[in-house]
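Everything below concerns the one structure shown next.
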Amino acid sequence: MIQADPAPQVEGPHPLSTLRHSVAHLMASAVQKLFPEAQFGFGPSIEHGFYYDFDLPEQLTDKDLRKIEKEMRRIANRSPKIEKEVFTREEARERLRSWGQEFKIEGLDLIPEGEEISFYFHGDGEDRWGDLCEGPHVDSLSEHEFHFKLQHVAGAYWRGDEKNPMLQRIYGTAFWTKDALKEHLEWLEEVKKRDHRKLGTDLDLFSVHANAGAGFVFWHPNLGVVRRELERYWWDLHTAGGYKPVYTPHVSRESLFAVSGHLQNYGEMMYAPMELDELPYRIKPMNCPGHALIFKDRGRSYRELPLRWAELGTVYRYERSGVVHGMLRVRGFTQDDAHIFCTPDQLADEIAGVCRLVDTVLTTFGFEYKAYLATKPAEKTIGDDEIWERATESLRQAAAAVDLELELDEGGGAFYGPKIDYKIKDALGREWQNSTIQCDFNLPERFDLAYTAPDGSQMRPIMVHRAILGSLERFVGGLIEHFGGKFPFWIAPSQVAVIPIREEHADYARGVAERLESELFRVDAMLDAGHMNKKIKEAQRAQTPYMLIAGEREAEEGTVAVRRRGTREQVVVPFETFLDMIRGLRDTKSLELPEPSA
RNA sequence: GCUGCUGUAGCUCAGUGGUAGAGCACUUCCUUGGUAAGGAAGAGGUCACGGGUUCAAGUCCCGUCAGCAGCUCCA
């Protein structure tokens with residue numbers, strides 16, 4: 001995963017965000033010049049640039065963007081100053097009305113009473129243009145002091161509400177120097193190359209099919225290997241962590257989801273019922289009801305708790321057609337789900353255990369993450385204040401116990417309990433939620449779960465939902481981008497390519513390949529009569545971590561010429577030395593790809 | 001779901017209402033090569049799908065499906 005936009009945030013006379021906001025104004029004035037009927041929405045600076053929303057009589061195309069850029073340059077060439085003017089609310093309203101800017105008038109009404117109301121103007125004569133805006137802005141718009149590019153146009157709802165009309169949004173970016181802009185654009189190209197959808201095709205990892213439906217992922221053998229290694233690792237960790245495997249059906253009677261409440265609260269995300277023997281059945285959107293049924297199957301004692309049950313459970317959810325995205329947002333996916341049934345006293349320890357597990361897994365893949373504590377929402381919650389406070393405190397304690405820093409997400413909890421969410425970043429710098437730890441007071445109540453306490457009374461357990469990878473689809477999609485297709489040795493689809501120099505060396509090469517295979521390494525034995533150079537190229541293309549090239553000398557000495565992914569140099573070492581090295585890489589799940597030392 | 005764009009060979013993409021194209025990949029033969037493209041020949045197509053306009057549709061129109069950039073919503 002690309003860590004961050006490497007474009008240097010070159011020090012200009014103002015912060016980059018101020019420049020970008022001013023360029024957004026410049027763009028808006030150019031748009032008004034070209035489309036006098038334009039209505040204006042909002043036009044802020046954003047992480048990598050800026051946008052401005054317009055209501056226009058015609059649909060913009062990329063061609064229009066070039067025209068607008070040209071007009072922006074013409075205006076900027078006159079080095080217009082940007083000037084601020086303070087208005088009273090009534091003056092502002094009057095001005096906006098005279099300009100016929102309905103959206104802006106709505107914007108004016110959003111400004112709280114007592115706050116300063118300002119306009120920013122730039123340009124002279126016919127070019128004069130002003131906008132209701134709190135600023136700040138750069139002093140002047142001279143084209144020699146900054147560089148910009150308009151990137152694309154997209155629809156966006158007025159004030160982000162899908163009930164409102166849709167405006168046209170133009171995205172652009174701006175920097176103080178030409179080099180910084182260039183570097184940013186190159187970074188965007190790099191991001192595109194690492195897109196998991198592109199690599200998914202290039203490396204033969206996965207596919208989706210119009211004929212199967214949007215949002216359903218087909219894992220090809222190469223990615224199947226990655227998944228299987230990941231699952232093996234996951235089960236090893238969970239077995240060691242005291243989790244027991246459970247398996248629950250994909251389809252259940254609808255009444256189960258009425259008990260769990262999913263039908264009422266989550267119904268629009270669920271697939272339509274199917275009828276069997278005149279009863280409605282549903283495909284599961286979550287695994288928790290099944291786990292609750294297992295808990296409830298017999299009486300439970302406090303002596304059994306905590307119970308930790310894990311399932312790689314495949315669920316199906318209806319996602320709106322416009323939101324599906326490669327492997328990152330799909331309609332059928334497998335959660336690395338587990339539920340912990342425990343007493344309130346055990347909660348903090350259990351949470352701490354999960355936090356440790358999350359850290360172990362995310363660190364193994366070199367992910368950086370942030371954790372958020374999501375607390376009780378303002379309304380519509382279940383459970384009394386005391387249990388909320390106690391659970392929230394347990395989450396805090398647990399985090400403190402494992403030195404996990406929590407950012408507060410006030411009121412961001414589920415209606416059924418507080419939670420800790422983890423977020424990692426993808427190649428575009430977008431944050432994706434993967435790991436989550438959620439306390440649930442609701443489901444135990446709905447299913448009337450109980451255990452017998454030491455005093456013989458029936459007590460309600462707390463149920464902790466937790467996922468570490470989130471879903472295998474999203475996590476692996478993230479992994480592809482994180483590593484740019486260059487998987488670490490232990491999960492790489494093909495780990496070692498074996499290439500004889502000439503056909504007569506194929507016997508020695510075959511011996512090498514068979515020895516590797518006997519130790520369960522994944523070997524691409526390229527033993528046919530083709531050209532060595534072609535095989536090297538093919539192994540490079542496939543991102544195979546190591547190539548072993550064997551000719552006469554190697555066959556005589558029992559060595560291999562090792563060529564490491566991403567390099568052109570070879571190191572000749574005894575085959576046994578290489579074997580020892582890769583055993584170590586596999587066993588330690590190393591992220592490194594070292595050169596063997598002779 | 002909404003706005004806009006796109007859909008031609010495995011991949012990347014040309015294609016002006018009148019015979020379906022290129023490069024790479026693939027197959028076969030030749031080449032026996034010490035670290036990223038040796039040579040020749042061949043095969044490969046429901047131009048996403050359905051309807052319409054037209055003497056004639058990959059090309060124009062409508063619909064459906066899928067993809068892309070966003071908005072909105074989520075693992």
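Since we're looking at a predicted model, the values are computed, not measured. In what follows, chains carry the letters A, B, and so on, assigned in the order in which the sequence lines appear, proteins first and then strands, with residues in each chain numbered from 1.
- In this structure, NZ of A:K198 is placed 14 Å from C1' of B:G10, rounded to the nearest angstrom.
- Nearest-nucleotide assignment on RNA chain B puts the 5′-proximal partner with A:Q168, out of A:Q168 and A:A214.
- Contact annotation: side chain of A:E554 to base of B:G34, donor-acceptor pair present below 3.5 Å.
- Between A:Y171 and B:G70, no base-stacking contact is recorded for ring centres under 5.5 Å apart and planes less than 30° from parallel.
- When each of A:E473 and A:S321 is assigned the nucleotide of RNA chain B bearing its nearest heavy atom, the one mapping closer to the 5' terminus is A:S321.
- At B:U35, none of the side-chain N or O atoms of A:K534 fall inside 4.0 Å of OP1 or OP2 (strictly under the cut-off).
- Taking the charged nitrogens against the carboxylate oxygens, A:K67 and A:D64 do have a contact shorter than 4.0 Å, which makes a salt bridge.
- Rounded to whole angstrom, the span from the CZ atom of A:F216 across to the P atom of B:A75 amounts to 18 Å.
- Which of B:A25, B:U3, B:A75 sits closest to the side chain of A:K537 comes down to B:A25.
- Look at CZ on A:R169: it is 19 Å from P on B:C2, rounded to the nearest Å.
- Rounded to a whole Å, the CD atom of A:E538 is 11 Å from the C1' atom of B:A36.
- No hydrogens or angles were tested; on distance alone, nothing pairs the side chain of A:R541 with the base of B:C24 as donor and acceptor under 3.5 Å.
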Which dot-bracket notation, 5' to 3', represents the base pairing of RNA chain B when pairs are defined as Watson-Crick or G-U with both distances under 3.5 Å, crossing pairs as [ ], and inter-strand pairs as |?
(((((((..((((....[..)))).(((((.......))))).....(((((..]....))))))))))))....
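- Between the side chain of A:R563 and the base of B:U35, a donor-acceptor pair under 3.5 Å is found.
- Salt bridge status for A:E569 with A:R564: absent, with no side-chain N to carboxylate O gap under 4.0 Å.
- The base of B:A75 does not come close enough to the side chain of A:Q433 for any donor and acceptor atom to sit less than 3.5 Å apart.
- Look at CZ on A:F218: it is 12 Å from P on B:G67, rounded to the nearest Å.
- Residue A:V330 places its side chain closer to B:A75 than to any other of B:A75, B:C2, B:G38.
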Donor-acceptor contacts, no H, no angles, side chain residues 199-206 of chain A, under 3.5 Å, sequence neighbours left out:
| from | atom 1 | to | atom 2 | distance (Å) |
| --- | --- | --- | --- | --- |
| A:T201 | OG1 | A:R197 | O | 3.4 |
| A:D202 | OD2 | A:K198 | NZ | 3.3 |
| A:D204 | OD1 | A:H220 | ND1 | 2.6 |

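- In this structure, the CZ atom of A:R329 is 14 Å from the C1' atom of B:G70, given to the nearest Å.
- Considering only side-chain N and O atoms, A:R568 lies under 4.0 angstrom from the phosphate OP1 or OP2 of B:A36.
- Atom CZ of A:R502 and atom C1' of B:G33 are 8 Å apart (whole Å).
- For A:K486 and A:E481, the salt-bridge test fails: no basic side-chain N is under 4.0 Å from an acidic carboxylate O.
- Look at A:R197 and you'll find a side-chain N or O under 4.0 angstrom from OP1 or OP2 of B:A69.
- At a cut-off of 3.5 angstrom, counting only N and O atoms as typed in the model, there is a donor on one side and an acceptor on the other between the side-chain of A:H531 and the base of B:U31.
- Judged by a 6.0 Å distance limit and a 45° cone about the ring axis, A:K423 is positioned over the six-membered ring of A:Y372.
- Electrostatic pairing of A:E231 and A:R228 does not count as a salt bridge here, judged by no charged N lying under 4.0 Å from a carboxylate O.
- A salt bridge links A:D528 with A:K535: the distance from a Lys NZ or Arg NE/NH1/NH2 to an Asp or Glu carboxylate oxygen falls below 4.0 Å.
- Atom-to-atom, CE of A:M166 to P of B:C2 comes out at 10 Å; the value is rounded to the nearest Å.
- Applying the 3.5 Å distance criterion, the base of B:U72 shares a donor-acceptor pair with the side chain of A:R320.
- Legend: side-chain hydrogen bond (donor to acceptor under 3.5 Å, both in side chains) pairs involving residues 540-553 of chain A, not counting sequence neighbours, sorted by first then second residue: A:E538-A:R541.
- Residue-to-nucleotide contacts include a donor-acceptor pair under 3.5 Å from the side chain of A:Y157 to the base of B:G1.
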